[in-house]
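For this chain, numbers begin at 1 and follow the sequence in order.
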Amino acid sequence: MRPESAGDSSTDSLLTAVSAALRVDRDALADALLGQLPVAVAVLDADLRWRYLNPPFRQVTGVSPTAVLGRAAADPDPAVPRVLADGRPRSGTFAGRAADFRRLEVAGAPTGVLVVLPGGADTHRAELERTRARFALLEAGSERIGTTLDPDTTCAELAAFAVPDFAALALVDVLPLDTPDTAAHPAPGTDRERDRPRLRWRRAAVAREQAPPGAAPSSAVPPSAPAAGTVRHRPGSVTARALAEGRPVVANLVSADELAALLPDEAALSAGRGAGVDCLLAVPLTARGRPIGVLTLARAHGSSLGFTAEDTELLAAIAGRAALTLDHARRYARSQNTALELQRALLAEPGSPHPNLELASRYLPSGITSVVGGDWYETVRLPFGRTLLAMGDVMGHGVEAAVDMSNYRSTLRYVAAMDLPPHRILRQLDALIAEQENARPATCVLALADPARARWTLASAGHLPPALLTSHTTELVEVPTGPPLGTGVGGYEQTVTELRADHALLLYTDGLVERRGEDIDVSLARLSALRLPADGPLDSLLDGTLAALAPEDAEDDIALLAARVRHRPS
């Protein structure tokens, strides 16, 4: 027998009408309605047998439907049969809890008793609050962890997020970037922890709870201590087990001897003892099905009963999101390193100038927080004591830009061998690059040194003007500027300026002078105001230029090439 109404005959009629209109079973509709109530509700029939109990009722009382449905209620409160007899609502106890009773009837005839536990709404509300708090923490973790594409910053943010709200001590260990993806996976069919190689892990972040005001901070656990570098995890530690089993591992209320075996290494043990911890949780950081790190948390003495199942579930969810962010940062860092090494390798082999010319060069990458650019320079030795200098910047970033940079350099050498004037070299370069479907445009400036004639011949394809430095002035050379190479537009011109023994010519890329939100004329004026000795070592000249102009947090790569007539002994 199902509950046929929870009120008078008008309610019963309404329920019948609604079920007919929706073309659903009336009993199913009643079940659905009662099941959605936030309060704990049960229904007894006229013989006081269990007929229905909704999910909040099961949660509050622990009563199982399979154990009671169809059976008589054991020792019902005396108020229950009275309610059934006279229809007057009453209060009492049911299933060991305070309850309210209402008679169910159809056309005035009693059909059963509705049991309502007032506390059910509070339990439901508390569960909603817990769920809301969980989502708020996950959202806060997403906002605070992974604010950059720097893996170490991401690890530090994860550790800082965990302390002090979730732990007194947090360690984040990650695989070094050059570790093969398969290194952390033993062969199928082997004992995962025993046969897993004892990899070297890099302790990327450590966070500790601050000492309370007025308390003497422990010398063993300074809150701002650096990470411990490379570590190996003890077999059997919670950290090693979490990585081997691919799941969180908890150890609550451990003894001092157990702590020594369960923490992953000596540095962690020293920090743990200094912080007075006795509860541990290790959560693997897994991305794309592979472990890339592990988060180890510890709570201090007196931290209730340690890490609960709810704590573990929440921290595992936070660690899972952090692992995805960390994986993106690590893959980005690998790409950065590849592009940077390629760029350095290519720039390390410029051509040799004639002995009558001194050269010095610098390449300063912007760092991990910005994508490697396509800055490049080249020198080509030509007949009659001449040397062609080139400085360029491929549009775009990353490995592709570095590869295009190599293409520009090799094409420049090929065209320069024709011994053309600079503006015609640019014209040929532009035409050849424009024929290559996937080549990126690039700016470029050429400077042909001709010491025998004491002159520089210069031409530009959308590049910033060269600078002539003396001991007292820095002069920007006005060079007719054509479109970037690779557009196929052409239209390049050249200019000639005096080449003097007391002058140094400086070629550079835009990372040296340009600033976000600043007019280029202001940027170039900063270079024009530079006063550096042009008669000293060229390496010192470049170091001084970088010290004076390079921003602390460069957003773009910087390439410099300085040239000067070599002084010959008299």
With side-chain contact (heavy atoms from CB on, under 4.5 Å) as the test, pick out the partner of Pro248 among Leu281, Leu297, Leu315, Leu295.
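The residue from Leu281, Leu297, Leu315, Leu295 that satisfies side-chain contact (heavy atoms from CB on, under 4.5 Å) with Pro248 turns out to be Leu281.
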Just by distance, with hydrogens left out, do [X] and [Y] show a side-chain donor and acceptor under 3.5 Å apart?
X      : Y      : answer
Thr325 : Thr154 : no
Asp375 : Thr509 : yes
Thr66  : Ser64  : yes
Arg200 : Thr230 : no

Would you call the rings of Phe101 and Phe94 parallel, tilted or perpendicular, where under 30° means parallel and over 60° means perpendicular?
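Phe101 vs Phe94 ring planes: perpendicular.
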Quick check on Arg49: does its CZ atom have over 12 non-hydrogen neighbours (other residues, nucleotides or ligands) under 6.0 Å away?
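Counting neighbours around CZ of Arg49, more than 12 heavy atoms of other residues, nucleotides or ligands fall under 6.0 Å, so yes.
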Does this structure show an ion pair linking Arg234 with Glu266, if we count only N-O contacts that are shorter than 4.0 Å?
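Answer for the salt bridge query: yes.
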Does Asp265 pair with Arg203 as a salt bridge, N-O distance under 4.0 Å?
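Result for this pair is yes, salt bridge flagged.
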Shortest non-hydrogen separation from Leu243 to Gly293 and the atoms involved:
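Minimum heavy-atom contact is CD2-O, 3.6 Å.
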Exercise: identify the closest heavy-atom pair between Ala240 and His233
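Result for this residue pair: CB-CB, 4.3 Å.
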Hey, are the side chains of Val83 and Val80 touching, using non-hydrogen atoms and a 4.5 Å cut-off?
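No; the side chains remain at least 4.5 Å from each other.
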So do the side chains of Val250 and Asp311 get within less than 4.5 Å of each other, counting heavy atoms only?
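No - every pair of side-chain heavy atoms lies 4.5 Å or more apart.
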